[in-house]
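Beneath this line is the structure, given in structure tokens, with notes to follow.
Everything numeric here is computed off the predicted structure, so don't read it as measured data.
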Amino acid sequence: GVEVGPQPQGAARADILDKMRKIVKHGLDFVQLFNEGKEFPPCTIEVFKIMEKVDYPRNKNDEITAIIHPKLQDQDWQPLNNGDPLFLTLDGKVIPYQGNCTVYPTFINEAAYYEKKQAFVKTEKIKLTARQLRSSVS
């Protein structure tokens, strides 16, 4: 599957649809070249590995007591360091990120995840290495 976003629920955005088409086309081009026997050299890429889902701060009645800080909003895949603003309480207090490493939040403040108690997902940036690839079918 391919998920491309962000995109509000019930909306169709031309720029997001265009990105999705390009991703699917690249995937199909790879399959075609692989089936034709093209050799792909070893490569290394950076990816984001999910660490954990993070909920909004809540009170004893399970009500949200803080919202995503404005400096974090729309910063998907950008580094979040210890001490950076994370949440803003309803009375204006900043709750900073407290972590022992830089993380890369994504799905920040997505409406579809409120009911799942998810403010964002913490990811870490890692490198994956792929060995040479070539179809064994001739």
Side-chain angles (χ1 to χ4, degrees):
V2 175
E3 182 177 343
V4 183
Q7 179 168 256
Q9 295 170 302
R13 289 182 39 173
D15 59 332
I16 301 298
L17 181 60
D18 185 54
K19 288 178 184 179
M20 185 270 309
R21 284 183 175 143
K22 287 178 182 174
I23 289 170
V24 171
K25 182 183 179 319
H26 286 303
L28 293 172
D29 288 346
F30 169 81
V31 170
Q32 179 67 34
L33 292 169
F34 180 80
N35 287 341
E36 291 172 356
K38 176 169 175 51
E39 184 175 316
F40 295 89
C43 66
T44 300
I45 62 169
E46 286 186 336
V47 299
F48 296 90
K49 180 181 175 185
I50 293 175
M51 299 170 69
E52 68 177 308
K53 296 175 182 177
V54 177
D55 192 9
Y56 295 89
R58 295 177 183 270
N59 65 19
K60 63 182 179 200
N61 296 324
D62 207 32
E63 299 165 326
I64 293 174
T65 60
I67 57 177
I68 295 292
H69 193 280
K71 290 187 177 179
L72 181 59
Q73 185 65 51
D74 300 321
Q75 297 301 306
D76 295 78
W77 312 112
Q78 299 305 308
L80 180 66
N81 300 295
N82 188 45
D84 287 348
L86 187 59
F87 294 107
L88 186 62
T89 66
L90 302 178
D91 59 357
K93 294 181 181 149
V94 174
I95 300 173
Y97 170 63
Q98 296 178 343
N100 56 5
C101 66
T102 298
V103 296
Y104 298 82
T106 189
F107 303 114
I108 300 169
N109 202 26
E110 293 269 349
Y113 296 119
Y114 271 77
E115 66 188 37
K116 296 178 182 183
K117 296 186 175 183
Q118 180 180 310
F120 63 93
V121 173
K122 270 197 311 191
T123 69
E124 63 180 329
K125 191 186 292 191
I126 62 172
K127 290 185 180 183
L128 294 180
T129 300
R131 67 186 199 294
Q132 176 180 328
L133 181 65
R134 183 179 195 149
S135 173
S136 60
V137 179
S138 297

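Between the OG1 atom of Thr102 and the NZ atom of Lys122 there is a distance of 11.5 Å, given to the nearest 0.5 Å. Summarising the geometry, atom NZ belonging to Lys125 is positioned 4.5 Å from atom CD belonging to Glu46; distances are rounded to the nearest 0.5 Å. Taking CD1 from Ile95 and CG from Leu86, the interatomic distance works out to 7.5 Å, rounded to the nearest 0.5 Å. Rounding to the nearest 0.5 Å places CG of Asp18 at 10.0 Å from CD1 of Ile23. To the nearest 0.5 Å, atoms OG1 (Thr89) and CD1 (Ile64) are separated by 13.5 Å. We find the CG-NE2 distance between Leu80 and His69 to be 11.5 Å, quoted to the nearest 0.5 Å.
When side chains are defined from C-beta on, Lys117 counts as touching Asp62, because their heavy atoms get closer than 4.5 Å. Leu17 has its side chain within reach of Arg21: a pair of non-hydrogen atoms, C-beta onward, lies under 4.5 Å apart. No side-chain heavy atom of Lys116 sits under 4.5 Å from any side-chain heavy atom of Lys53. No side-chain heavy atom of Leu72 sits less than 4.5 Å from a side-chain heavy atom of Tyr97. Using a 4.5 Å heavy-atom threshold, the side chains of Gln132 and Pro42 count as touching. The closest side-chain heavy-atom distance from Val94 to Leu88 is below 4.5 Å. Using a 4.5 Å cut-off on side-chain heavy atoms (C-beta onward), Ile68 and Phe87 make contact. Thr123 is not listed as a side-chain neighbour of Lys49, based on a closest heavy-atom distance of 4.5 Å or more.
Minimum heavy-atom separation, Pro105 to Gln78: CD-O, 3.2 Å. Heavy atoms only, all atoms of each residue included: Asn81 and Asp84 are closest at N-OD2, 2.8 Å.
Put simply, Leu28 and Met20 are part of the same group of oily side chains (I, L, V, M, F, W, Y) that touch within less than 4.5 Å, one to the next.
The local environment of CD in Glu36 is crowded, with over 12 non-hydrogen atoms from other residues, nucleotides or ligands closer than 6.0 Å. Within a 6.0 Å sphere centred on CD1 of Ile50, other residues, nucleotides and ligands contribute 12 heavy atoms or fewer.
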Could you go step by step and tell me if Asp29 and Lys25 meet the salt bridge (Lys or Arg N to Asp or Glu O under 4.0 Å) rule? CA-CA 6 Å; Asp29 288 346; Lys25 182 183 179 319; 2.8 Å; yes
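Taking the six-membered ring where the residue is Trp, the centroids of Tyr114 and Tyr56 are separated by under 6.0 Å.
Alongside Phe40, the hydrophobic cluster contains Phe30, Val31, Leu33, Phe34, Leu133 (criterion: ILVMFWY side chains under 4.5 Å).
No donor-acceptor pair under 3.5 Å is formed between the side chain of Asn61 and the backbone N or O of Glu63. Between the side chain of Thr65 and the main chain of Pro57, a donor-acceptor pair closer than 3.5 Å is present. Side-chain atoms of Asn82 do not come within 3.5 Å of backbone N or O of Asn100 as any donor-acceptor pair.
Tyr104 is linked by a ring pair (Phe, Tyr, Trp, His ring centres under 6.0 Å) to Phe48, counting only residues two or more places apart in sequence or in another chain.
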